[in-house]
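Both backbone and side-chain heavy atoms feed into the values below; hydrogens, waters and symmetry mates do not. Proteins come first, then strands; the chains are lettered A, B, ... in the order of their sequence lines, and each starts at number 1.
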Amino acid sequence: MNALRRHRALTAIWGAPRGWRGTIVSVNHSDIGRRFILAAFAFFAIGGVLAMMIRAQLATPGSAFVGPDIYNQLFTMHGSIMMFLFAIPMFEGLALYLLPKMLGSRDMAFPRLSAFGWWCYLFGGSILIAALAMGVAPDGGWFMYTPLSSRAYSPGINADVWLLGITFVEISAIAAAVEITVSILKLRAPGMRLDQMPLFAWYMLITALMMIVAFPPLILGSILLEVERAFDWPFFDPARGGSPLLWQHLFWLFGHPEVYIIFLPAAGVISTVLPVMARTRILGYGWIVAALLAMAFLSFGLWVHHMFATGIPHMALGFFSAASALVAIPTAVQVFAWIGTLWNGRPELKLPMLYLLGFFLIFVIGGLTGVMLAMVPFDWQAHDTHFVVAHLHYVLVGGFVFPMMAGAYYWLPHFTGRARGGALGSAAFWLVFLGFNLTFFLMHLTGLLGMRRRVHTYSEEMGWTWLNLLSSMGSFVMAFGFALFALDVALQIFWSRRTRRNPWSAGTLEWASPIPTPAYNIASLPHVGDREPLAAQPALALKLARGEGYLAEPRHGWREAMAVESTTGAIDHIVVLPGNTRLPIVTAAMTGGFFLSLLFGFYWLAPVPLALVVVLAWRWASVLGHREDFGPLPIGHGQTAPIHREAAGAPGWWGSAFLLVADGTLLASLLFGYAFLWVVAPNWPPPARIDGGFLLGLTAAAASLAGVGLARRGLAAAEARAPIAAGRAAAGAAAAQAVCIVALLSLGVTALPAPETHAYAAAGWALLVYAALHAAIALLCTAFAGARIASGHVSGTRLLEPSVARLFSDYSGAATLIVLVCVLAPAIAP
Amino acid sequence: MLWAFGFSLLYALHGIGCAGGWDEVAMAGATLFRWALVGTWCLLCLGAVALMRRAWAAPAGFERGLGLVSALAGLAAILVTGAPVVLTSACA
């Protein structure tokens, strides 16, 4: 097959229809990545306009531009949009677009999940923006502290919009995190060992793992607060044993790692772009990876530094102050590696480099003020002032926006196939750089002079007038800079001349594909033996286009990619990916229907979209798979490999495992909350504890364990090619889970006090509902495995469905036992 | 991992100890609270040293280097972030 015929055949398999139909059904990672990036930039523009309105209000004392109610919505939505609708989705988009290309693959591991995440993000973000347009946007600050956000002080729909809208968007973030993790660990070019991965992939892997652990506490906090607002379960009400500090813990358990989740992808861009600009290789690859790991772990030990002023004892403050100062060290390791790379190379001051230099100055200042704020006595002085606003903008704009703009100029030729022309990009840089520093450097001084955050006005006597006026002028200069950037990008997309492949002479694999990239990325997959494959083999791109790599011959209309052993990069199996489908958009719409039902208080309606989501999930899983074994298939270079359905450790299994890690973090957060309330909250012990319920508890535990045992037996029987026994075991496992659900809910109804009476009862109920929900998920998984066994999709070699069902059953069993111990323990405690 | 576990353990023990009044129980020249936290901190430091030795004994390669540096970083982190158990007041 010649190159042109191969291109046509692969495009027919991997491409999407033109027009609206293609927009709706495409699951291709390049399409989804581009959409994320464009939408995130649109949300950035909206957030920027809100910021300009904030600065217009604060430009002069006693301004009547907006009143306090609107001002509250402005700063809340500015923060929420920039964090949840711009920063995270922007890097998700970049990761989705770039990772398969950089790793020498054809797509991400779960293309439909990418598309589902995109639609959830779009619908969730639209809910928030619609609320803003209707004047009912969230107004309690981007961290929604209780009791301000509780029903008593925020009676409107505003806080619900935040809690439900953000949770909806977070589904997209968790989906992307699982997707990115599995794709990096499994879907790499053959031969690419872990220590040969591009650093960008390392950064994305660590970031995705951090998201899997960091987002569940926020999701849990949002659920608990929404349940308190909707049904009066008093998790955060101190009069009934709750604690507003629990919200702060749950929020910042997410919130501080979030800062690193935003910074690390941008640092990945720096580690990719900077060596190319310096015309050398990155210095200290291994040290950077080690620093990344250290940073990821330490970032989970900093959250209380956002709570230094809440009256926490000195020793606890000491733990978090020390960790906050310590995290500067791995950050510095990276910064010194970058400086060393520049020193080692022959840097060229091209446009991406200019933005990187801007990053260095701004981010280092932000880091240093961060160390100042990590010191408790200083923090007490500067807490909740504009000094903190200045610090966080130096860190986030310096640490994210500048590197992303460098990345934008670096990869734009890849996206567009066109070269950059003119000097608009440099002018945009100087406007943004000078405007930013004028706006935020002065804000340090305004803060030190005592100006609080979130105040909508101030009097002239305070002496802040000229600082605020200059800050506001700076913000408008910066906005012009961003507008110029957008114009420059538009000019490049529509009017610039075509450019050649790999215009920067970079060494990473994304430049091996033709630009703009075809739907299938590369005509055949490379064997990688170097961190910079294009530098090691300059003719690699042409060889791959000629079909001299793996999977060069299309077959069966399958979308094929290679999966490798995670550490060594040895060939593992062929992954057959799903094609275009409407399922993601329909499932996201139903998920949105569920959230909207809750938002408008139609709780009776909520089960309908939820049931439809379950039906769609069933359909989602059932449209894949085969009723026959294919055996080892040729992959090129005289080698063969089985397809993923006939191999152990398929991406679906790994994805389920990482999803359960996120789920386990949510349970751990719930248990932390339960323990925190027992130990720290006022008005404990509760007026009434659990009364009996041991028999029901034993029934639930026995049923859950039976479910686990039967799911395992089903898998073993399927492996032993005994489909009738396997089907019976799966049906038995599903029935056992049904018994478990009934027993758990009966335990709550008959033995626990009513959940509105005290936070103890509410937390106990939350635990029981969690366990029952997971028993329901295990029930569905085992029932689905049974149906697949009956339909002939499972055989002695095709074991994916029973393996995943066993995973969920095991998790449900462990969760049920832990929950029962926690719920029943107070009955026997003194 | 050990640091994350140890850090959570120290913070949890701090909360439980303060709630349980351990700082008012005199014991061997200090308080039950102080001994519980200092003892835990020392055990965590020993654990980190043991992990370093294990990383040192691993076969040469990228994974060994990564494990060794991570273990060293973990030990330093436990030493520094746990130091307040001997330096600051207990529950005030």
Under 4.5 Å from any heavy atom of chain B - which part of F676(A): neither
Aromatic ring proximity, centroids under 6.0 angstrom, F33(B) and H14(B): yes
Check: W684(A) and V679(A) side chains under 4.5 Å, non-hydrogen atoms: no
Contact origin within L68(B) toward chain A - heavy atom pairs under 4.5 Å: neither
Geometric class of the F320(A)/F7(B) ring pair [parallel <30°, tilted 30-60°, perpendicular >60°]: perpendicular
Check: W678(A) ring centroid to Y760(A) ring centroid under 6.0 Å: yes
Interchain contact, L298(A) with chain B, by part (heavy-atom threshold 4.5 Å): both
Which atoms of S89(B) approach chain A - backbone, side chain, both or neither, heavy atom under 4.5 Å: both
Qualifying disulfide (SG to SG under 2.5 Å) pairs with a residue from residues 286-319 of chain A, counting only residues at least two apart or across chains: none
Over all atoms of both residues, closest heavy-atom pair of L326(A) and A76(B): CD2-O, 4.5 Å
Charged tip of R64(B) within 45° of W56(B) ring normal and under 6.0 Å: yes
Region of V69(B) that comes under 4.5 Å of a non-hydrogen atom in chain A: side chain
Under 4.5 Å from any heavy atom of chain B - which part of V680(A): neither
Donor + acceptor pair across side chains of T31(B), W22(B) (<3.5 Å): no
Side chain / backbone / both / neither for A77(B) at chain A, heavy atoms under 4.5 Å: both
Residues of residues 193-204 of chain A contacting chain B, heavy-atom criterion under 4.5 Å, by residue number: D195(A), W202(A)
Contact check, side chains of E258(A) and W252(A), non-hydrogen atoms, under 4.5 Å: no
D663(A) and P216(A), any side-chain heavy atoms less than 4.5 Å apart: no
Contact leader toward chain B among A294(A), A316(A), S324(A), where contacts are heavy-atom pairs under 4.5 Å: A316(A)
Heavy-atom contact with chain A under 4.5 Å, split by part of Y11(B): both
